[in-house]
Amino acid sequence: MPGSGVIHHPLTRRQILKGGAALGLGSAAALGVGPSWADPWGRSSVYAQGAEEGPEVALAIRQETLPIDGRSARPMTINGTSPGPLIRLREGQEAVLKVTNLLEEPTSIHWHGLILPPGMDGVPGVSFAGIAPGETFTYRFPVRQNGTYWYHSHSGLQEQLGHAGPLIIDAAKREPFRYDREHVLLLTDWTFEDPMTVFRNLKTAEGYYNDQERTVADFFADVREQGFAATAEMRSMWAKMRMSSRDIADVTGSTYSYLLNGHAPEENWTALFKAGERIRLRVINGSAMSYFDVRIPGLKMTVVAADGQPVQPVPVDEFRIAVAETYDVLVAPEDDTAYTIFAETMDRSGYARATLAPREGMSAPLPERRTIADRGMEAMGAHAMPGMDHGAMAGMEDSGAEGMAGMDHGAMAGMGDAGPQGMAGMDHGAMAGTGTAGAQGMPSMDHGTMAGMAGERRRLGANGLLAAGTAQPGSRYGQAGIGITPGERRTLVYGDLKAFTPWPDRREPERELELHLTGNMERYIWSFDGKTFSEMTGPLHFRHGERLRLVLVNDTMMEHPIHLHGMWMELENGHGALIPRKHTLNVKPGERVSALITADAEGSWAFHCHLLYHMKAGMFRVVQVS
Amino acid sequence: MNTRHVMIAAGGALALLALPAAQAEDGYAAPADWPPPMVKHPLGMVLVDRLEYALPDEGPQALVWDLQAWYGGDVNRVYLKSEGENVQGDGEDAEFESLELRYSRLIADFWELQGGLGYQGGVVSDDHAERGYGVVGLQGVMPYGIETDVALRLSDAGDLSASLEGEYDLHLTQRLSLQPRTEILLAASEVEEFGVGEGLNSVRLGLRLGYAVMRRVTPYLGAYWEKQYGDTADLSRADGDATEDSGLVAGVRLLL
């Protein structure tokens, strides 16, 4: 039901001009008449859920009965739709966003990725008191950035109920790329269960939603492929740790309907184009818990922005989008034919899908689905490394264990580094030795990475810290992650991201703050440094104005998308002055990731894992900048 | 008297549970009337691990239960555990082999240390001999995923006994699973009234094949073998009961 309950604004001359600016020097044919959201050939944006134009926007939050995936559902709606309308602001505006709570419980909206005053960030208990039932809260802030962002509730588990939507900020100056048309693709995961029931299931019954556990048949299949000894050794390692190598997603397609712009795969939401046009796809992962691998078979995608910030173009066939990340990609379909936009979940338990087509009612074949991968040794990090010998490692690689195929030196260093018990005393020489020893058994090892590290070792700053922008030993920026077979297709990795132009603060870090991402899968406890939010006695302190390095060490066997409110995190992926900045950093199991932060935002900010139920289970901190 | 034991245990356990509720907030500067950004709720669950009808080769048929329920947070919990049976056709009431209220504390990632009070005897009548006892237990998962429950019990008459239980889940398919289990009972002194001898009392081995018709409901079929040893076996012989038996079971595992 497109448009229901949406406030219609007549298209003003200003908006038409704005549309023109957003198009760059794009085709005038894309400039339609009528409200932007309603016209499939629209000005520049086609968005199924309706749009609200800034600078002044009124949003009403309700809980309503609407159909989702062909069934009656009770989502939380914003101006009548779930997910909510596209909010479109313009860089340089003073945004005035009036949010009225028509629910029977408190609510909030957090503007994800926006740099704004702390009182406007929308986190109850950190930025403000929340919005009580019947109240209207007016968010006012200057819009000082542009790009693709999103918004969502930061109250309880409301985000799982579709209380989220896209937020697009048009640039004041011309962007470094051109396009003729744009489409917003918002990925979400919907469940017909009460989110609190989902949480209880996760807390009280480990593996509740996992319908892809290893079975006896998998064991024999592995024995056939890798031999008995290698299989037995691998399985024994996992069994000793009392963990499942199939623990890729906590909540899966067994309860989720994966939606694209609010539509299930069968509904085949369609984005229109004309052959020969260059199209900007603004892809947002607004899921509560689901990572997606996005591709459009038959089309090369050029990544031009990550988390709203322009990056040097990267042509890819596929990209993984962690929860809460956004990527902007350009595609240029030459043919007058339909293409499938395919977003498969990381655990392969389901997918979201839309069609990019020249006309309504078209579809293209769905690509073959991949099967779930087993986590390999790279995930074991701290758990397995201390007792592991090189023979075992080499043997496993020889046997062709899937998870090992793309292992590079970074991964090995990661295991070493993440194993404080056994490897704390390891020096760089020993690490290099490990790499060399492993090299015989690891044909796919990336020697380039190793050489790079050797170079970086010499770049220690005067204060003994690694030079700004240097990739941490233990980072795996060359890998897309679990379930992606290296070399199968060109997949975006964090190592590809380079800022389009250098960001202003080029200072070296003054200090390092290391945080371990920790958890207890058995009890579904998630935490930083082994402590849940309720066990903490104080906030993390950033000194106002300081330049610090945040080092995130993932001691768990799951990916965590870590989000810092209020300030950018500059991802130290080895690109020197072209350090890219992000609001959400994916940290893979066993990985060590670092970011530089300019602590220029005085006040209290939320800092957490953006997997909704991980946050709820305790993986949340407050950062105080003072 | 036994009811009183249980009441005391309940009170004690609830008092301990209340302690962690006064948890420290992340002490950043926020006005007092703001809600905390993250709220923790205590949770609970009931696991009826075995609710089964046993058809032994020698002894009488019986309805058997083995269940546990907990309520609490990540670290501190209260457990209610019970095992028992209703022997069919003996004209007697069902019997709690154990009915325990335990306070439980997570002491390692996979291990809970538990302590509390328990009752053994008839469910409603005085058909069976009764006693109260204190219990200390360790419950958790051993490497290789073996679920373990070890308990030491000291009765109100000063008799010490121990039980060791282990279970393992082998996934045959996503829904079909094979579960071997074992239960070993030991005692430090003979208590004739309860058929308990000194030393190793009995060993029981079982194998259950379950099919999860729903995530929370797994009907199963199984078989078991059990044998009594030493004085315990002598006591059974004196009563004319079998000291070694095997049988079939049909039952259901429920997660509530």
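Labels below follow one simple rule: chain letters A, B, ... track the order of the sequence lines, proteins then strands, and each chain is numbered from 1.
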(request) Could you give me the CA-CA distance, side-chain angles and deciding distance for B:Y220 and B:Q179, then say whether side-chain hydrogen bond (donor to acceptor under 3.5 Å, both in side chains) is met? (result) CA-CA 10 Å; B:Y220 61 85; B:Q179 191 179 64; over 6 Å; no
(request) Return the orientation label for the A:H565 and A:H110 ring planes: parallel under 30°, perpendicular over 60°, tilted otherwise. (result) parallel
(request) Go through the atoms of B:R175 and report whether side chain, backbone, both or neither lie under 4.5 Å from a heavy atom of chain A. (result) neither
(message) Using heavy-atom distances under 4.5 Å, tell me whether A:A606 contacts chain B through its side chain, its backbone, both, or neither.
(response) neither
(message) Among B:L255, B:L106, B:L178, B:L170, which residue has the highest count of heavy-atom pairs closer than 4.5 Å to chain A?
(response) B:L106
(message) Please classify the contact between A:S155 and chain B as side chain, backbone, both or neither, with a heavy-atom cut-off of under 4.5 Å.
(response) neither
(request) With a 4.5 angstrom heavy-atom cut-off, could you sort out which part of A:D211 is near chain B: side chain, backbone, both or neither? (result) both
(request) Name the region of A:N210, side chain, backbone, both or neither, that has any atom closer than 4.5 Å to a heavy atom of chain B. (result) backbone
(message) Tell me if a side-chain donor or acceptor on A:Y139 pairs with a main-chain N or O of A:I109 at a distance below 3.5 Å.
(response) yes
(message) Going by side-chain contact (heavy atoms from CB on, under 4.5 Å), name the residues that satisfy it together with B:V136, two or more places apart in sequence or in a different chain.
(response) none
(request) Sort out for me which of A:V123, A:T532, A:D218 touches chain B most, counting heavy-atom pairs under 4.5 Å. (result) A:T532
(message) To check you understand the geometry: which heavy-atom pair defines the closest contact between A:T252 and A:S349, and what is its length?
(response) CB-OG, 3.6 Å
(message) Has B:Q174 got a side-chain atom pairing as donor or acceptor with A:E213's backbone, closer than 3.5 angstrom?
(response) yes
(message) So for B:L172, is it side chain, backbone, both, or neither that comes closer than 4.5 Å to the heavy atoms of chain A?
(response) both
(message) If I measure from the heavy atoms of chain B, does A:Y208 come under 4.5 Å with its side chain, its backbone, both, or neither?
(response) both
(message) I need the residue from A:R235, A:M196, A:H154 with the largest number of non-hydrogen atom pairs under 4.5 Å to chain B.
(response) A:M196
(message) Please tell me whether A:H614 and A:H608 form a close aromatic pair, meaning their ring centres lie under 6.0 Å apart.
(response) no
(request) Could you tell me which non-hydrogen atom of B:Y79 sits nearest to which non-hydrogen atom of B:Q68, and how far apart they are? (result) CE2-OE1, 3.1 Å
(request) Name the member of A:Y524, A:W238, A:F128 that forms the most heavy-atom pairs with chain B at distances under 4.5 Å. (result) A:F128
(request) Select, from A:R523, A:M615, A:M521, A:R200, the one with the greatest count of heavy-atom pairs under 4.5 Å involving chain B. (result) A:R523
